[in-house]
Asker: 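First the structure, which I've put down as structure tokens, then a few questions once you've had a look.
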Amino acid sequence: MLGPQNDIVTHRQALPHKGVAAAIETVRDGSAQPAVRLAFEFLVLTAARSGEVRLATWDEIDTASAVWTVPAARMKAKREHRVPRCGRALEILDAARTLGDCKRLVFPMRSGRSIATSTFPKMLQYHEVAAVPHGFRSSFRDWAAEEADHPREVIEAALAHVIQNKVEAAYARSDLFERRRRLMDDWAEYLAG
């Protein structure tokens with residue numbers, strides 16, 4: 001029988017939060033398809049996972065309430081997640097409406113298909129941005145811890161992290177949505193400089 005194993009944790013490559021705005025600008029000025037550029041910025045602004053953004057559909061978007069509801073089937077924790085959208089995210093969605101005639105996908109490629117899993121990493125590598133898509137969640141988390149004045153619970157809820165303590169989770173029934181909206185507005189303002 002083997003004793004305790006020392007699992008080595010390797011973190012995803014991420015930028016310091018002070019470098020995120022420059023990365024967005026680099027991608028915005030780049031040569032990737034418009035859907036990819038818009039989706040990447042949306043990913044950073046919402047601190048969402050790549051698959052959640054790449055496969056986002058218009059029926060998940062409530063423009064009037066500025067809410068994006070990601071269905072449980074597409075979430076890592078298999079729980080529906082409501083994402084508040086800041087003003088810039090709404091502008092991105094307005095621009096995305098002009099992309100082709102795809103009625104289902106928010107960010108369709110010219111072919112009408114969803115953005116491939118490898119597209120964001122390849123684009124970042126091409127532009128010499130030293131991060132992977134998932135790393136921008138870490139950049140957001142570091143910014144929130146170091147620069148923002150929001151409770152840890154709100155930050156973790158924004159990242160759709162599951163509370164590991166079962167007793168605490170049983171009592172934490174709010175998704176802290178309005179507080180998360182303020183957090184995400186602050187993140188967008190920080191990125192805008």
Asker: Work out which heavy atom in R49 is nearest to a heavy atom in L43; give both atom names and the distance.
Answerer: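 The answer is C-CD1, 4.1 Å.
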Asker: For D62, is there any backbone N or O sitting under 3.5 Å from a side-chain donor or acceptor partner on S65?
Answerer: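 Flag not set: sc S65 to bb D62 has no pair under 3.5 Å.
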Asker: Which heavy-atom pair separates A130 from Q13 by the least distance, and what is that distance?
Answerer: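 So the two residues come closest at O-CG, 3.3 Å.
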Asker: Among V36, I92, V53, which residue meets the side-chain contact (heavy atoms from CB on, under 4.5 Å) test with E41?
Answerer: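 For E41, the side-chain contact (heavy atoms from CB on, under 4.5 Å) check succeeds only for I92.
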Asker: Once rounded to the nearest 0.5 Å, what's the spacing between atom CG of L159 and atom CZ of R141?
Answerer: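 Here the interatomic distance stands at 7.0 Å.
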Asker: Side chains of S138 and D142, heavy atoms from C-beta outward: is any pair under 4.5 Å?
Answerer: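 S138 vs D142: side chains touch.
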Asker: Is the closest side-chain heavy-atom distance between W143 and V20 below 4.5 Å?
Answerer: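 No. Closest side-chain heavy atoms not under 4.5 Å.
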Asker: Return the CZ to OG1 distance between R88 and T46, rounded to the nearest 0.5 Å.
Answerer: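 Atom-to-atom, R88:CZ and T46:OG1 are 13.0 Å apart.
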Asker: Give the minimum heavy-atom separation between E60 and P71, together with the two atoms involved.
Answerer: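 It is OE2-CD, 3.3 Å.
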Asker: Tell me, do E80 and T69 make a side-chain contact under 4.5 Å, heavy atoms counted?
Answerer: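 The answer is yes, as the side chains (C-beta and beyond) meet within the 4.5 Å cut-off.
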Asker: Considering all heavy atoms of both residues, which atom of L99 and which atom of V106 are nearest to each other, and what is their separation?
Answerer: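 So the two residues come closest at CD1-O, 4.3 Å.
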Asker: Compare every heavy atom of V83 with every heavy atom of R180, then report the nearest pair and how far apart it is.
Answerer: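 Taking every non-hydrogen atom into account, NH1-CA, 4.4 Å.
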Asker: Could you check if a side-chain atom of F40 sits within less than 4.5 angstrom of a side-chain atom of R28, using non-hydrogen atoms only?
Answerer: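 A side-chain contact under 4.5 Å is absent here.
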Asker: Contact between L191 and V44 at the side-chain level, heavy atoms closer than 4.5 Å - yes or no?
Answerer: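 They are in contact (side-chain heavy atoms under 4.5 Å apart), so the answer is yes.
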Asker: Surrounding CG of D149 (heavy atoms of other residues, nucleotides or ligands, distance under 6.0 Å), is the total greater than 12?
Answerer: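 At most 12 heavy atoms, drawn from other residues, nucleotides or ligands, come within 6.0 Å of this atom.
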Asker: Enumerate the residue pairs fulfilling ring-ring contact (aromatic ring centres under 6.0 Å, His included) with a member in residues 70-95, sequence neighbours excluded, ordered by first and then second residue.
Answerer: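 Sorted pair list comes back empty.
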Asker: Take D186 and Y190 through the test side-chain contact (heavy atoms from CB on, under 4.5 Å) and record every step on the way to the result.
Answerer: CA-CA 6 Å; D186 289 350; Y190 173 78; over 6 Å; no
Asker: Within 45 degrees of the ring normal and closer than 6.0 Å to the centroid, is that where the cationic atom of R97 sits relative to W58?
Answerer: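 Checked: cation-pi criterion met.
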Asker: Does R179 CZ have over 12 foreign heavy atoms under 6.0 Å away?
Answerer: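 No - once you tally the heavy atoms of other residues, nucleotides and ligands closer than 6.0 Å, there are 12 at most.
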Asker: With no hydrogens and no angle check, do the side chains of R137 and S50 hold a donor and an acceptor under 3.5 Å apart?
Answerer: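 There is no such pair (donor and acceptor under 3.5 Å, judged by atom type) between the side chains of R137 and S50.
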Asker: Determine, step by step, whether L15 and V129 satisfy the side-chain contact (heavy atoms from CB on, under 4.5 Å) criterion, reporting the C-alpha distance in whole Å, the side-chain angles of both residues, the deciding distance to 0.1 Å, and the verdict.
Answerer: CA-CA 8 Å; L15 292 178; V129 174; 3.9 Å; yes
Asker: Within a strict 4.5 Å, meaning less than it, do heavy atoms of the P16 and S139 side chains meet?
Answerer: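 No - every pair of side-chain heavy atoms lies 4.5 Å or more apart.
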Asker: Quick check for you: to the nearest 0.5 Å, what is the distance between T26 atom OG1 and M123 atom CE?
Answerer: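 T26 atom OG1 to M123 atom CE measures 10.0 Å (nearest 0.5 Å).
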Asker: Is I115 linked to V132 within one hydrophobic cluster, defined over Ile, Leu, Val, Met, Phe, Trp and Tyr using a side-chain heavy-atom separation of less than 4.5 Å?
Answerer: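 Not linked; separate clusters.
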Asker: Find out if a path of hydrophobic residues (ILVMFWY) with successive side-chain heavy-atom gaps under 4.5 Å connects M109 to L55.
Answerer: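 Cluster IDs for M109 and L55 differ.
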Asker: Could you go through the side-chain contact (heavy atoms from CB on, under 4.5 Å) check for W187 and M184 one step at a time?
Answerer: CA-CA 5 Å; W187 173 234; M184 301 319 284; 4.1 Å; yes
Asker: Only one of V154, L183, I155 forms a side-chain contact (heavy atoms from CB on, under 4.5 Å) with L176, so which one is it?
Answerer: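 Going through the options one by one, the only one that passes is V154.
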Asker: Assess whether salt bridge (charged side-chain N to carboxylate O under 4.0 Å, His left out) is satisfied between E52 and K76, documenting all intermediate values.
Answerer: CA-CA 9 Å; E52 296 162 11; K76 181 178 178 181; over 6 Å; no
Asker: With a 4.5 Å heavy-atom cut-off, do R182 and H150 have their side chains touching?
Answerer: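 Sidechains of H150 and R182: in contact.
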Asker: Passes side-chain contact (heavy atoms from CB on, under 4.5 Å), V67 versus F177? Steps please.
Answerer: CA-CA 10 Å; V67 178; F177 188 78; 3.5 Å; yes
Asker: Hydrophobic cluster membership, with links at side-chain heavy-atom distances under 4.5 Å among I/L/V/M/F/W/Y: are M75 and I61 in one?
Answerer: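 Hydrophobic grouping puts M75 with I61.
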Asker: Does CD belonging to E147 count more than 12 external heavy atoms closer than 6.0 Å?
Answerer: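 Correct, the count exceeds 12.
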Asker: Assess whether atom CD of E128 is packed by more than 12 heavy atoms of other residues, nucleotides or ligands within 6.0 Å.
Answerer: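 Open: at most 12 neighbouring heavy atoms sit under 6.0 Å from CD of E128.
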Asker: Measuring only between side-chain heavy atoms, which start at C-beta, is R85 closer than 4.5 Å to L93?
Answerer: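 A side-chain contact exists here, since the closest heavy-atom pair is under 4.5 Å.
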Asker: Do you know which two heavy atoms are closest between F107 and A96, and how far apart they sit?
Answerer: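 Smallest heavy-atom distance, with atoms named: CE2-CB, 4.0 Å.
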